[in-house]
Amino acid sequence: MPKRIFIVDTDTASDDAVALVMALRHPDVDVVAVTVVAGNVPLPEAVQNALYTVELCGLAGRVPVYAGCDAPLARELRTAQFVHGQDGLGDIGLSLTGREPTPGHAVDVLVDQINGRPPGTVTLVTLGPLTNIARAIQRDPGIATRLGEIVTMGGTADAVGNMTAAAEFNIWVDPEAAAIVFGAGARLTMVGWDISRRYAVIDAADAARLRAVGPLGAFAVDIQATLTDFVMAETHLAGFDLPDPIAMAVAIDPSIATRVERLNVRVETTGEITAGQTVVDHLGVEHLSPNVDVVLEASRERFIALLHETHRWA
Ligand code: RIB
Ligand code: CA
């Protein structure tokens, strides 16, 4: 069975790094490129964090990491360093400087990689704002339908936001980019923050079990230090949640998404208080064409099993 070809686009902070480990270490997945975008942290930090994570998986120099867009299409960059730490990986003192990305811009790499492979063979997993993807589609609209699929961690299917009352961070940072991607005709699966909040919360007992699988499990837990503080103070979940990892789990094993509906989803770009909201027409009342496979339920048990399986390393 040939490996599945993945490109992972990331704004590499503490949950992104766990999702990267899952893809990099899964035996059925070949990550041919990691493309980096500004979001959780400024682009330089996101690039260093991605390089650190690839090195941690023993793949330095074998999985290329490319720097991409350092700001949204039409807005100032607003980071989430208050959530993930100034360095993005929990400010726990990791050595996160001095690594060199592969030469080339992420947007060019996205276009070239997708056009350079047979149609339908590339899975693009997005873990951050959609700036790189939107720029690539602007450069070559054909890539949207040449891709096998896009699995995006972004938005919410229940309109409960984590950055504003209505918007999830990845979409909120660059709503214009998200509107381009959601409207480009790609086969798009949306794993919203509602899925993370309901099926990917890691409490203290879960964290202890994950730490126990080995050094990568300990890494996955320890870098969530500042995220845990944010969750306790702001989102009041029972522990840190892992939005990017559960989106990656769905990309790796689509059966982990136990209920999916094809719905019309649009992105609010002009709302004074709703900019960045993913407007999901659950009832079809607008009679618009469905454009997104929206994950509505997932298997926590199978997500946790995959998380442990990919982090287990002597
Ligand atoms: O809202 C959660 C998303 O925003 C995750 O991708 C997290 O890493 C941040 O980018
Ligand atoms: Ca992310």
Side-chain angles (χ1 to χ4, degrees), residues 9 15 19 123-130 133-134 137 144-145 147-201 231 234-238 241-303:
D9 191 79
D15 64 317
T123 297
L124 173 61
V125 185
T126 75
L127 308 176
L130 292 168
I133 319 309
I137 291 169
T145 48
L147 272 165
E149 71 168 324
I150 301 175
V151 179
T152 192
M153 191 283 130
T156 67
D158 64 359
V160 174
N162 61 5
M163 282 313 297
T164 67
E168 175 278 326
F169 179 78
N170 287 336
I171 310 300
W172 174 80
V173 167
D174 198 344
E176 288 73 21
I180 289 170
V181 176
F182 276 62
R187 189 176 145 218
L188 177 63
T189 296
M190 181 181 110
V191 186
W193 187 60
D194 49 310
I195 299 301
S196 179
R197 204 171 72 242
R198 288 161 50 201
Y199 303 105
V201 173
V231 164
E234 296 293 331
T235 52
H236 312 300
L237 302 175
D241 66 310
L242 292 175
D244 292 341
I246 197 164
M248 183 60 76
V250 170
I252 292 170
D253 177 358
S255 69
I256 287 176
T258 52
R259 187 158 78 88
V260 181
E261 286 186 21
R262 189 153 181 78
L263 301 168
N264 179 267
V265 182
R266 290 172 293 164
V267 177
E268 175 59 67
T269 58
T270 59
E272 187 182 337
I273 58 176
T274 56
Q277 180 173 6
T278 46
V279 181
V280 182
D281 187 357
H282 288 274
L283 302 180
V285 293
E286 307 247 12
H287 302 288
L288 298 172
S289 303
N291 58 325
V292 179
D293 291 321
V294 180
V295 177
L296 297 173
E297 293 175 3
S299 166
R300 173 183 168 81
E301 181 188 359
R302 301 200 33 226
F303 161 59

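Because only heavy atoms are used, hydrogens play no part in the values below, and waters and symmetry mates are left out as well, while side chains stay in. For the single chain, residues carry numbers from 1 onward in sequence order. Predicted, not measured: the structure shown is a model, and the values here were computed from it.
Applying the salt bridge (Lys or Arg N to Asp or Glu O under 4.0 Å) test to every pair with at least one member in residues 244-253, sequence neighbours left out, gives these pairs: Asp253-Arg302. The stretch residues 280-292 participates, sequence neighbours left out, in these side chain to side chain donor-acceptor pair (under 3.5 Å) pairs: Arg266-Glu286.
Judged as a salt bridge (charged side-chain N to carboxylate O under 4.0 Å, His left out), and not counting sequence neighbours, the contacts of Glu176 are Arg75. Residues passing the salt bridge (charged side-chain N to carboxylate O under 4.0 Å, His left out) test with Glu301: none are found, sequence neighbours excluded. Evaluation of the side-chain hydrogen bond (donor to acceptor under 3.5 Å, both in side chains) rule for Arg300 yields Asp206 as partners, not counting sequence neighbours. For Glu297, the salt bridge (charged side-chain N to carboxylate O under 4.0 Å, His left out) criterion is met by Arg259, not counting sequence neighbours. The side chain to side chain contact (heavy atoms under 4.5 Å, CB included) search around Ala257 returns Val250, Val260, Val295, not counting sequence neighbours.
Here the CD1-CG distance, from Ile195 to Leu296, works out to 6.5 Å after rounding to the nearest 0.5 Å. A distance of 8.0 Å separates CG of Asp174 from CD1 of Ile180, quoted to the nearest 0.5 Å. Remark: Ile273 CD1 to Glu268 CD distance equals 10.0 Å, nearest 0.5 Å.
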For residues 186-193, dump all side-chain donor-acceptor pairs below 3.5 Å to protein atoms at least two apart in sequence or in another chain.
unit_1, atom_1, unit_2, atom_2, d
Thr189, OG1, Glu149, OE1, 3.3
Trp193, NE1, Asp241, OD2, 2.8

Determine all donor-acceptor pairs shorter than 3.5 Å in which one atom belongs to a side chain in residues 150-164; sequence neighbours excluded.
unit_1, atom_1, unit_2, atom_2, d
Thr152, OG1, Thr126, OG1, 2.4
Thr156, OG1, Ala159, N, 3.0
Asp158, OD1, Val160, N, 3.0
Asp158, OD2, Arg197, NH2, 2.5
Asn162, OD1, Phe169, N, 3.0
Thr164, OG1, Ala166, N, 3.1
Thr164, OG1, Ala167, N, 2.9

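Of the options Val292, Val294, Ile171, a side chain to side chain contact (heavy atoms under 4.5 Å, CB included) to Thr278 is made by Ile171 and by none of the others.
Inter-residue side-chain proximity for Leu242 and Phe303 is flagged as met; some heavy-atom pair is nearer than 4.5 Å.
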